[in-house]
Amino acid sequence: QVQLVESGGGLVQAGGSLRLSCAASGRTFSRFAMGWFRQAPGKEREFVAAISRAGGSTDYADSVKGRFTISRDNAKNTVYLQMNSLKPEDTAVYYCAADGTYRTVLDGYGIDYWGKGTLVTVSS
């Protein structure tokens with residue numbers, strides 16, 4: 001079992017930055033590919049970013065490429081999402097996800113573990 005707890009959400013003005021963190025329980029964090037997803041009000045959950053087990057591979061949604069950076073610290077069992085140049089359309093609940101397979105994280109279906117989310121609100 002892996003428990004994921006997100007933090008770092010909040011209210012920020014457009015153009016600002018936030019860093020989200022996702023702390024994972026257990027001693028097997030390095031066995032999981034990790035991802036960030038988001039769900040805006042009235043919309044379906046969408047993929048934001050993913051990182052492989054050792055951090056050597058990353059992928060991003062086109063909408064955040066060049067603005068967001070995913071990283072991980074396996075010694076701290078934590079994955080991060082640095083969000084810069086935030087836009088009002090980035091407003092959403094952001095979820096952390098973990099799965100043994102990188103492809104599954106990219107696809108967003110059948111993911112083993114999800115956090116409960118943290119709200120990011122970007123004002124114009």
Side-chain angles (χ1 to χ4, degrees):
Q1 280 284 0
V2 175
Q3 291 186 327
L4 305 174
V5 180
E6 302 95 336
S7 61
L11 174 64
V12 63
Q13 288 188 334
S17 298
L18 280 176
R19 188 175 83 154
L20 305 183
S21 299
C22 172
S25 65
R27 296 175 290 179
T28 60
F29 180 71
S30 61
R31 297 181 183 179
F32 291 94
M34 302 296 296
W36 287 95
F37 292 75
R38 67 186 182 186
Q39 187 167 19
K43 295 187 177 181
E44 293 187 353
R45 187 161 55 191
E46 64 175 0
F47 168 78
V48 175
I51 188 166
S52 59
R53 298 175 187 181
S57 296
T58 57
D59 282 277
Y60 298 90
D62 288 343
S63 59
V64 307
K65 206 169 290 183
R67 300 188 297 123
F68 291 11
T69 302
I70 188 171
S71 62
R72 67 189 296 162
D73 186 337
N74 285 347
K76 295 183 178 180
N77 284 11
T78 302
V79 63
Y80 305 96
L81 185 68
Q82 177 66 44
M83 305 185 295
N84 299 328
S85 302
L86 283 161
K87 304 175 181 180
E89 51 264 42
D90 295 318
T91 294
V93 177
Y94 283 72
Y95 298 91
C96 177
D99 195 273
T101 305
Y102 189 61
R103 184 74 247 175
T104 299
V105 175
L106 292 179
D107 291 342
Y109 297 103
I111 289 178
D112 289 336
Y113 303 103
W114 291 92
K116 294 184 177 181
T118 184
L119 176 63
V120 171
T121 304
V122 184
S123 63
S124 58

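Sequential numbering from 1 along the given sequence is applied to the chain's residues.
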Least distance between heavy atoms, [X] atom then [Y] atom:
| X | Y | value |
| --- | --- | --- |
| A24 | L4 | CB-CD2, 3.7 Å |
| A97 | I111 | CB-CG2, 3.8 Å |
| L86 | L18 | CD1-N, 3.9 Å |

Disulfide (SG to SG under 2.5 Å) contacts in which one or both residues fall within residues 50-94, not counting sequence neighbours: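 As it turns out, there is no disulfide (SG to SG under 2.5 Å) pair with a partner in residues 50-94 once direct neighbours are skipped.
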
task: Just grab all the disulfide (SG to SG under 2.5 Å) pairs involving residues 4-84, residues at least two apart or on different chains.
output: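 Residue pairs with at least one partner in residues 4-84: C22-C96.
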
Please tabulate, one pair per line, all N/O donor-acceptor pairs under 3.5 Å involving side-chain atoms of residues 39-57, not counting sequence neighbours.
| from | atom 1 | to | atom 2 | distance (Å) |
| --- | --- | --- | --- | --- |
| Q39 | NE2 | K43 | O | 3.0 |
| E46 | OE2 | R38 | NE | 2.6 |
| E46 | OE2 | R38 | NH2 | 3.2 |
| S52 | OG | G56 | N | 3.2 |
| S52 | OG | S57 | N | 2.9 |
| S52 | OG | S57 | O | 3.4 |
| R53 | NE | R31 | O | 3.2 |
| R53 | NE | G100 | O | 3.4 |
| R53 | NH2 | G100 | O | 2.5 |

field: Pairing residues for D107 by the salt bridge (Lys or Arg N to Asp or Glu O under 4.0 Å) criterion, not counting sequence neighbours
entry: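 Applying salt bridge (Lys or Arg N to Asp or Glu O under 4.0 Å) to D107 gives R103.
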
message: Among residues at least two apart in sequence or on other chains, which ones pass side chain to side chain donor-acceptor pair (under 3.5 Å) with D73?
response: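 So D73 forms no side chain to side chain donor-acceptor pair (under 3.5 Å) with any residue.
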
message: Using the ring-ring contact (aromatic ring centres under 6.0 Å, His included) criterion, which residues pair with Y95? Sequence neighbours excluded.
response: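 For Y95 there are no ring-ring contact (aromatic ring centres under 6.0 Å, His included) partners, ignoring immediate neighbours.
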
- prompt: Does some side-chain heavy atom of F68 sit less than 4.5 Å from a side-chain heavy atom of L81?
  reply: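 The answer is yes; the side chains approach within 4.5 Å.
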
field: Transitive ILVMFWY cluster of L11, excluding itself - 4.5 Å side-chain cut-off
entry: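 For L11, no cluster forms, as it stays isolated from other hydrophobic side chains.
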
Side chain of [X], backbone of [Y]: donor and acceptor closer than 3.5 Å?
| X | Y | answer |
| --- | --- | --- |
| S25 | Q3 | yes |
| R72 | N77 | no |
| T78 | K76 | yes |

- request: Could you list all the ring pair (Phe, Tyr, Trp, His ring centres under 6.0 Å) pairs where at least one residue sits in residues 99-124, not counting sequence neighbours?
  value: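 Of all non-adjacent pairs touching residues 99-124, those that pass ring pair (Phe, Tyr, Trp, His ring centres under 6.0 Å) are F32-Y113, F37-W114.
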
S17: side-chain contact (heavy atoms from CB on, under 4.5 Å) partners, not counting sequence neighbours: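 With sequence neighbours excluded, S17 shows a side-chain contact (heavy atoms from CB on, under 4.5 Å) to Q82, N84, given in chain and number order.
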
field: side-chain contact (heavy atoms from CB on, under 4.5 Å) partners for K116, two or more places apart
entry: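 With neighbours one apart ignored, the set is empty.
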
query: Shared ILVMFWY cluster between I70 and V2, side chains joined below 4.5 angstrom?
result: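 Same cluster: I70 reaches V2 through Ile, Leu, Val, Met, Phe, Trp or Tyr contacts under 4.5 Å.
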
Atom pairs and distances, side-chain donor-acceptor, residues 117-124, under 3.5 Å, sequence neighbours left out:
| from | atom 1 | to | atom 2 | distance (Å) |
| --- | --- | --- | --- | --- |
| T118 | OG1 | G9 | N | 3.2 |

message: Go through it in stages, so that I can follow the logic: the residues are Y80 and R19, the test is side chain to side chain contact (heavy atoms under 4.5 Å, CB included), and I'd like the CA-CA distance, side-chain angles, deciding distance and then a yes or no.
response: CA-CA 7 Å; Y80 305 96; R19 188 175 83 154; 3.7 Å; yes

task: Pick out which of L20, T69, V64 makes a side chain to side chain contact (heavy atoms under 4.5 Å, CB included) with M83.
output: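 One option only clears the test, and that one is L20.
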
- request: Can you run down the salt bridge (charged side-chain N to carboxylate O under 4.0 Å, His left out) pairs that involve residues 58-69, sequence neighbours left out, and say none if there aren't any?
  value: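 For residues 58-69: D62-K65, R67-D90.
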
